[in-house]
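Contents: one structure, followed by commentary.
Side-chain atoms are counted along with the backbone in the values below, which use heavy atoms only and exclude waters and symmetry mates.
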Amino acid sequence: MAKQNVAEQFVDILVRAGVQRLYGVVGDSLNPVVDAIRRTSAIDWIQVRHEETAAFAAGAEAQITGKLAACAGSCGPGNLHLINGLYDAHRSMASVLALASHIPSGEIGLGYFQETHPDQLFRECSHYSEMISSPQQMPRLLQTAIQHAIGRSGVSVVTLPGDIASHAAPEKSIEHALVTTRPSVRPGDTEIDKLARMIDEADRVTLFCGSGTAGAHAEVMQFAERIKSPVGHALRGKEWIQYDNPYDVGMSGLLGYGAAYEATHECDLLILLGTDFPYNAFLPDDVKIAQVDVRPEHLGRRSKLDLAVWGDVRETLRCLTPRVRAKSDRRFLDKMLKKHADALEGVIKAYTRKVEKHIPIHPEYVASVLDELADEDAVFTVDTGMCNVWAARYLSPNGRRRIIGSFSHGSMANALPQAIGAQFVDRNRQVVSMSGDGGFTMLMGDFLTLVQYDLPVKIVLFNNSSLSMVELEMLVAGLPSYGTTNRNPDFAAIARAAGAYGVRVEKPKQLAGALKDAFKHKGPALVDIVTDPHALSIPPKISAEMVTGFALSASKIVLDGGVGRMVQMARSNLRNVPRP
């Protein structure tokens, strides 16, 4: 048997860690690794058109599977393109291993062609970033990187010079068992007892949930019922907590709706469950706050805490719920449920007013029809900007659907590349990219990746020929919009020219049929929908807080749009509220 080189050993360890694909763009210093993949049936090389796409795709795959995913870039500019997608993966707590190949080891530090210092460049967007400068560091350094990415739920970067990759791997190298799953973290009894006492002493408790409630839906519902608590959520908590939730009071934050803001401000005790909610202007400063999070560095960095609890949400609630006294007083809960339903009724008019006849098409209408027609287990990838608004207000989670976006990093152009990663996980699962025209055109070259691999991703393109979220920000700040208009082509024609299915929709009556036909198509499809760039209105009163930070004053809704099927859900939750 021929002796392994470092590249071959690198690939074998990725396979042992469960990696099935390596997304990237080939290039000189990366060639030894790509060649090793060519000769290894257990892992595939996924050729994309831009390395940023590779990182976004790997991050989406990791979020869908909960397992390690990987991407790679060649030396200098190649791996530097990974950085935006890696920032997103890291801030989304997606376990991603990035390979940054490097210039010849003997030239490092001498200003060689394409020289950068990737082991330094990626430190801010990773838990671990180190360079393999000799074969003797393998495989321990790679194994350490993998365990950082999995154990701490984030990015690890390994820098590997191309010449080192071609060297013979060391004999009798130490390979230990890899950790590929994360344990549950249970808080100590002292913290659980303290939290139980705080809950027992409070008359009005509100739960505010983030992505850390993934896998804990049943526990949150049981807990909310026991203490008669309204349940609000951040955007990243929507897919995990909104469905089958009789205590739902909506979402807080820049895109918030319903009564979540009131519920968090009118309670005696606010409990933050698995959320690193970044907008502290929306959090109260005059109520007691307890926070539960599996990441101790998240505790207290958004608001002053009366109690910090280190543990994952599911295990914490399993321990906590039996220790708190059941509450019988529903007055606060029922009051918030009614406020929530009333708030949704108040904004639904903007969606219902002649929307099926409005030209250009209301984007709210597009999102509503999409929600109704998409599969019950669809994966939605959502572009940053106004697509975030439509996803937040119209997509109906059900415990099977997934909603992925750049919700923490806030990058443009994320939806298409994330859809690539999600679709490679399962070609038979419907994957829908909710793309804005600005985000789509930024990485439009990777539409060709869909065609090359015949990935059946469906792109629903909200084409309003503008960067409308930026335009709204300018208007709220009292500035005239400038530099926000796009001169767009017929994207459906471009899709057809590339060999995919493409259809353009300009009238509301064409929409449902176009989406149905696209969903039936076996390969990649793009539905180019011309939408109204003036779909949003500014609140009648603009506060100083809105100008400086886009914050809400009191319960003012910043974005006056519809809320899809959520109003029906809110009204159904009122059935058990006692009537006077």
Query raised in the report: Are Leu22 and Ile46 close enough that some pair of their side-chain heavy atoms sits under 4.5 Å apart?
Result: no

Query raised in the report: So how far is it from Thr275 OG1 to Arg236 CZ, rounded to the nearest 0.5 Å?
Result: 9.0 Å

Query raised in the report: Where do Lys522 and Pro456 come nearest, in terms of heavy atoms and distance?
Result: O-CB, 3.3 Å

Query raised in the report: Quick one: which of Val220, Ile241, Leu272 gives a side-chain contact (heavy atoms from CB on, under 4.5 Å) with Leu207?
Result: Val220

Query raised in the report: Just wondering, do Phe440 and Leu526 contact through their side chains at under 4.5 Å, heavy atoms?
Result: yes

Query raised in the report: Do Arg295 and Ser153 touch side chain to side chain, with heavy atoms closer than 4.5 Å?
Result: yes

**Report entry** Ring geometry between Tyr257 and His233 (parallel below 30°, tilted from 30 to 60°, perpendicular above 60°)
**Finding:** perpendicular

Query raised in the report: With the threshold set at 4.0 Å, does a side-chain nitrogen-carboxylate oxygen contact exist between Asp371 and Arg401?
Result: yes

Query raised in the report: For Tyr23 and Glu61, does a side-chain donor sit closer than 3.5 Å to a side-chain acceptor?
Result: yes

Requested in this report: Run the salt-bridge test on Asp44 and Arg21 with the 4.0 Å N-O cut-off and return the result as yes or no.
Outcome: no

Query raised in the report: Is the Tyr453 to Phe424 ring centre distance short of 6.0 Å?
Result: yes

Requested in this report: Classify the side-chain pair Asp88/Ser411 by whether it contains a donor and acceptor separated by less than 3.5 Å.
Outcome: no

Query raised in the report: Is the distance between the ring centroids of His90 and His127 less than 6.0 Å?
Result: yes

Query - Candidates Ile403, Asp383, Leu395 - the one meeting side-chain contact (heavy atoms from CB on, under 4.5 Å) with Met434 - result: Leu395

**Report entry** Distance in Å, Leu86 CG paired with Arg91 CZ, rounded so as to fall on 0.5 Å steps
**Finding:** 13.5 Å

Query raised in the report: Aromatic rings Trp390 and Tyr394: how do their planes relate, parallel, tilted or perpendicular, breaks at 30° and 60°?
Result: tilted

Report task. Return the minimal non-hydrogen interatomic distance between Phe447 and Leu416, and the atom names on each side. Result -> N-CD2, 3.7 Å

Query raised in the report: Side chains of Glu51 and Asn79: is there a donor and an acceptor less than 3.5 Å apart?
Result: no

Query raised in the report: Can you tell me how far the CG atom of Leu30 sits from the CG atom of Leu99, to the nearest 0.5 Å?
Result: 5.5 Å

Requested in this report: Return yes if a side-chain donor-acceptor contact under 3.5 Å exists between Asn414 and Ser406, otherwise no.
Outcome: no

Query raised in the report: In terms of side-chain heavy atoms, does His217 have a donor or acceptor partner in Asp244 at a distance below 3.5 Å?
Result: no

Requested in this report: For the residue pair Gln452 and Arg49, confirm or rule out a side-chain donor-acceptor distance under 3.5 Å.
Outcome: yes

**Report entry** Smallest separation among heavy atoms of Ile494 and Pro489, with atom names
**Finding:** CD1-CG, 3.6 Å

Query raised in the report: In terms of side-chain heavy atoms, does Asn463 have a donor or acceptor partner in Asn488 at a distance below 3.5 Å?
Result: yes

Requested in this report: Report yes if some heavy atom in the side chain of Asp454 is under 4.5 Å from a heavy atom in the side chain of Pro524; otherwise report no.
Outcome: yes

Requested in this report: Check Phe282, Tyr247, Tyr261, Phe277 against Phe208 for a ring pair (Phe, Tyr, Trp, His ring centres under 6.0 Å) and give me the one that passes.
Outcome: Phe277

